[in-house]
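Worksheet: the structure to be examined is printed underneath.
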Amino acid sequence: MVKARVSVIGLGFVGLSIALTNSKKQIPTIGVDIEEGKIKKLKNGIPGFFEPQLQSYLDESIKEKLIKFTTNLDYALKNTNLSFLCVGTPPTDDGKINLSFLKKVLKDIHKILKSKKTHHLLVIKSTVVPQTTMNVVLPMFKDLIDKGTVDVVTNPEFLREGSAINDVFNPHLIVIGEYNKKSGKILESFYRQFYKTLPEVIHTDITSAELIKYANNTFLATKISFINSLANICQNLPGTDVNTIAKAIGKDPRIGPLFLQAGPGFGGSCLPKDVSALINFSNKFEKTNELFKAVLSVNQNQPVKVLELLKEFNVLKKNNTVSILGLAFKKDTDDIRAAVSIEIAKLLLKKGLKLKVYDPMAMDNFRKLFKEKITYCSSIDECLRDSDCCLVLTEWDSFRKLKPKKFEKLMKTPNVIDARRILDPKKFSGINFKAVGLGN
Ligand code: UGA
């Protein structure tokens, strides 16, 4: 292909990571977003959220003038020949996905590309349910596709929050959904320029590529709900530990060791949303989604299972204080979207308990949600002081190092619940200690 000049449309966590990794590879890149405030911040070197390495990539790209940020879609499209569409498809209340942002930007893109003479490749990165590209995107661009000036491919993304930059540079697979060989080849040759050694590429039809994204996330969610179901059994079986079970079954190469970490349930902006959307989408095909429904229902019940541990300590009493260590949906992010901490905090407040919380990154986001209803602490020590129970909800490295002595010294009663399995039960045997998946 002619040398790629890339625009990335939608600068959320996926879009910004893709934009900055492109500029790092010296590919001229323009980042576009509809939000003026976001663009202003980005121009000033402020990403607006925490993601490891992102800040230094942003600083470098700005310093070396490798990236431009703009709200001007017209400028971005006319000065590039390949656009990654990373617009959000947030969940609706009934578990579908909201396509309105995507549809609006596609309409604007179509209008602009109509007057462009040279070829443009539109790469759909946004997660959309199967057949969306076929039924919504392609009809919109039919005139330009027929004319030969525009092509559309779907190219689902597998990067994770907390390791986004590394995941862009080291993907396990590239999936290209295409309706003709030419469009898929253009994207593949772009990736040939991007990667020194091209990762494995699978070319599929457009709809299969969309389904692969859902299948991937739903399978990961299934592994988590599976191990959490076993954890809930272990809790009733003295002497057992779900981690031992996970370690053993993970050695079977047909199962594999990853995503078998029992905990308070999966959260984040992707797994819960994608399982719900797949259920909703497949409702029209009779009895094809019973497993997915179970995966979601196990997950929705997991915070209740964590509260049962508090009950066993007899701390679920009005005006008792619970300290929550960890608010982010996982470590190395400040993201609290669909984080289990939200559900647990709501349940505890409803029961009249007082909450003290601490997280290395996600405090501001949590404060926006719970305002003055809870106490925000600036350190682990402050969070633990005079509390009746401590609940570890995120697997931050700084929590892993905690010793029982600290809890004994600071808390009113050292009741500790490890919902992430990052503390060694043997070391904590001297104090009141319970953990997800630990039978005692
Ligand atoms: C997920 C997928 O892992 C990515 O491949 C995908 O690209 C992304 O969604 C997306 O669709 O954009 P992410 O949401 O960043 O990535 O987070 P995960 O690492 O998948 O974790 C999701 C949740 O599962 C977290 O709450 C995590 O704590 C939990 N989890 C994960 C467990 O409880 N146990 C595990 O063993 C693994």
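Counting convention: from 1, in listed order, for ligands and their atoms alike.
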Considering only the protein, which heavy-atom contact is closest to [atom], and what is its distance?
| atom | answer |
| --- | --- |
| atom 8 (C) of ligand 1 | L159 O, 3.4 Å |
| atom 2 (C) of ligand 1 | N217 OD1, 3.4 Å |
| atom 28 (O) of ligand 1 | R420 NH1, 2.7 Å |
| atom 5 (O) of ligand 1 | F158 O, 2.8 Å |
| atom 12 (O) of ligand 1 | C270 SG, 2.9 Å |
| atom 20 (O) of ligand 1 | F259 CZ, 3.4 Å |
| atom 30 (N) of ligand 1 | I224 CD1, 3.4 Å |
| atom 1 (C) of ligand 1 | L271 CD1, 3.6 Å |

N/O to N/O below 3.5 Å, does that happen between [X] and ligand 1?
| X | answer |
| --- | --- |
| K330 | yes |
| F13 | no |
| Q261 | yes |
| F329 | yes |

Please answer whether the main-chain N or O of F285 pairs with a side-chain N or O of S282 as donor and acceptor at a distance below 3.5 Å.
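Judged by distance alone, no pair lies under 3.5 Å.
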Show me which atoms of ligand 1 lie under 4.0 Å from any heavy atom of [X].
| X | answer |
| --- | --- |
| E157 | 7 (O) |
| E161 | 15 (O) |
| R160 | 3 (O), 4 (C), 15 (O), 16 (O) |

Ring centre gap for F281 and F292 strictly below 6.0 Å:
no
Between F407 and F428, is the ring centre distance below 6.0 Å?
yes
Would you call the rings of H110 and F141 parallel, tilted or perpendicular if under 30° counts as parallel and over 60° as perpendicular?
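Correct class here is perpendicular.
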Locate the shortest heavy-atom distance separating I336 from I342; write the atom from each residue and the value.
O-CD1, 3.1 Å
All heavy atoms of L309 vs all of V436, minimum pair found to be CD1-N, 4.0 Å
Is a salt bridge present between K24 and E60, judged by a nitrogen-to-oxygen distance below 4.0 Å?
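Here K24 pairs with E60 in a salt bridge, since their nearest N and O are under 4.0 Å apart.
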Are D108 and K104 close enough for a salt bridge, meaning some N to O gap below 4.0 Å?
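A salt bridge links D108 with K104.
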Do the side-chain N and O atoms of E210 and T133 include a donor-acceptor pair separated by under 3.5 angstrom?
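Yes, T133 and E210 have a side-chain donor paired with an acceptor closer than 3.5 Å.
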Does the side chain of D94 pick up a donor-acceptor pair with the side chain of T92 at under 3.5 Å?
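Yes, T92 and D94 have a side-chain donor paired with an acceptor closer than 3.5 Å.
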Applying a 4.0 Å heavy-atom criterion (strictly less than), which segment of K213 is in contact with ligand 1: side chain, backbone, both, or neither?
side chain
